[in-house]
Peer 1: 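The following block contains the structure, expressed as structure tokens.
A quick note: this is a predicted structure, and the numbers were derived from the prediction, not measured.
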Amino acid sequence: MSKLQLPTVTLMCVDCVNIERAIAVVEHCKTMCDFGAVKLLTSIPTNYSHIKIGALNSLVEYSIWMLTKCYKYIDTDYVLIVQRDGWILNPDTWDNDWLKYDYIAP
């Protein structure tokens with residue numbers, strides 16, 4: 001199966017708790033799809049390519065950051081947010097109609 005091509009989508013993971021898991025998720029997603037941009041944002045020091053942000057010490061801080069600052073790091077028309085406990089499973093089920101919506105969540 002060839003990789004799904006998503007040139008208008010930024011893959012983004014924001015994690016200030018478990019950087020190893022976050023990196024594993026980003027790497028997994030990159031094996032499934034080619035994205036227009038890939039962003040890992042964290043306060044945790046790592047040699048993996050990332051953008052340093054201030055620490056997010058609670059789910060409330062994370063949620064506020066995602067609602068108020070996340071947009072500044074998106075380089076494409078769309079963003080796919082993944083987390084250390086949620087990643088791409090079935091790229092072959094992708095539907096371009098999803099790009100018609102402002103927000104899709106499970």
Peer 1: Hey, is the main chain of P91 close enough, under 3.5 Å, to the side chain of K3 for a donor-acceptor pair?
Peer 2: no
Peer 1: Any chain of hydrophobic side-chain contacts (each under 4.5 Å) joining I23 to L56?
Peer 2: no
Peer 1: Is it true that Y78 and V26 fall in one hydrophobic cluster, defined by side-chain heavy atoms closer than 4.5 Å?
Peer 2: yes
Peer 1: Can you say whether the rings of Y73 and W65 are parallel (under 30°), tilted (30 to 60°) or perpendicular (over 60°)?
Peer 2: parallel
Peer 1: Any chance NZ of K100 has more than 12 other-residue heavy atoms, nucleotides or ligands included, within less than 6.0 Å?
Peer 2: no
Peer 1: Quick check for you: to the nearest 0.5 Å, what is the distance between C29 atom SG and D34 atom CG?
Peer 2: 12.5 Å
Peer 1: Compare all side-chain heavy atoms of V79 with those of F35 and state whether any distance is below 4.5 angstrom.
Peer 2: no
Peer 1: Using the rule that two of Ile, Leu, Val, Met, Phe, Trp, Tyr join whenever any of their side-chain heavy atoms come within less than 4.5 Å, decide whether L11 and L89 are in one cluster.
Peer 2: yes
Peer 1: State whether the side chain of R21 and the backbone N or O of R84 hold a donor-acceptor pair below 3.5 Å, judged by distance alone.
Peer 2: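 Side chain of R21 to backbone of R84: a pair is present.
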Peer 1: Find out if a path of hydrophobic residues (ILVMFWY) with successive side-chain heavy-atom gaps under 4.5 Å connects I104 to V9.
Peer 2: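 Linked, I104 and V9 end up in one cluster.
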Peer 1: Look up atom NE2 in H50 and atom CD1 in I19, then write down how far apart they are to the nearest 0.5 Å.
Peer 2: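 It comes to 7.0 Å.
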Peer 1: How close do T76 and A37 get, heavy atom to heavy atom, and via which atoms?
Peer 2: CG2-N, 4.4 Å
Peer 1: Please name the pair of heavy atoms, one in V25 and one in G86, separated by the smallest distance, quoted to 0.1 Å.
Peer 2: CG1-O, 3.8 Å
Peer 1: Do I53 and Y71 belong together in a cluster built from hydrophobic side chains that touch within less than 4.5 Å?
Peer 2: no
Peer 1: What are the two closest heavy atoms between I88 and H28, and how far apart are they?
Peer 2: O-NE2, 2.7 Å
Peer 1: Can you name the closest pair of heavy atoms from T10 and D75 and give their distance?
Peer 2: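 Closest approach of T10 to D75: OG1-N, 3.4 Å.
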Peer 1: May I ask you to check whether over 12 heavy atoms, not counting those of L59, lie within 6.0 Å of atom CG?
Peer 2: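 Open: at most 12 neighbouring heavy atoms sit under 6.0 Å from CG of L59.
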Peer 1: Of the non-hydrogen atoms in W87 and V82, which two are nearest, and what is the gap between them?
Peer 2: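 In this case the closest contact between W87 and V82 is CA-CG1, 4.3 Å.
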Peer 1: Can you measure from CG (N96) to CG (L4) and round to the nearest 0.5 angstrom?
Peer 2: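 N96 atom CG to L4 atom CG measures 8.0 Å (nearest 0.5 Å).
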Peer 1: Can you list, pair by pair, the side-chain donor-acceptor contacts under 3.5 Å of residues 40-47, counting residues two or more places apart and other chains?
Peer 2:
residue	atom	partner	partner atom	Å
T42	OG1	D15	O	2.6
T42	OG1	I44	N	3.0
T46	OG1	Y48	N	3.1

Peer 1: Can you tell me how far the CE atom of M32 sits from the CG atom of D92, to the nearest 0.5 Å?
Peer 2: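 It comes to 9.0 Å.
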Peer 1: Roughly how far apart are I81 CD1 and C70 SG, rounded to 0.5 Å?
Peer 2: 4.0 Å
Peer 1: For the atom pair SG (C13) and NZ (K39), what is the distance rounded to the nearest 0.5 Å?
Peer 2: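 C13 atom SG to K39 atom NZ measures 13.5 Å (nearest 0.5 Å).
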